[in-house]
Peer 1: 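Below is the structure I would like to discuss, written out as structure tokens.
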Amino acid sequence: MIGKIIFTLVAFILFIYILLLKMIKKNDTAYLIILCLQALGILLNLIRTSFNIFNRKN
């Protein structure tokens, strides 16, 4: 489960890095809405995984 959280965090950080540094510097904002939705999906996956860890009953 920790692996899922680390993977999701790395995916979100890399996605934001590519979005902010590559796309905005080139002024290529044609797909900005789609990219924002993808970032939201990655973030929701992180939240879902986190809640599954905290709500796990042993």
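FYI, the numbering just counts along the sequence from 1.
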Peer 1: Indicate, with yes or no, if Ile42 and Leu9 share a hydrophobic cluster defined by side-chain heavy-atom contacts under 4.5 Å among Ile, Leu, Val, Met, Phe, Trp and Tyr.
Peer 2: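 In one cluster: yes.
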Peer 1: Would you give the length of the straight line joining atom CD1 of Ile6 to atom OG1 of Thr49, rounded to the nearest 0.5 angstrom?
Peer 2: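 Output value for this atom pair is 12.0 Å.
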Peer 1: For Leu14, what residues pass the side-chain contact (heavy atoms from CB on, under 4.5 Å) criterion, not counting sequence neighbours?
Peer 2: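 Only Val10 meet the side-chain contact (heavy atoms from CB on, under 4.5 Å) criterion with Leu14.
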Peer 1: Rounded to the nearest 0.5 Å, how far does CG of Leu40 lie from CD1 of Ile47?
Peer 2: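 Separation between the atoms: 8.0 Å.
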Peer 1: Does one hydrophobic cluster hold both Tyr17 and Phe7, with members joined at side-chain heavy-atom distances below 4.5 Å?
Peer 2: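 Unlinked, Tyr17 and Phe7 end up in two clusters.
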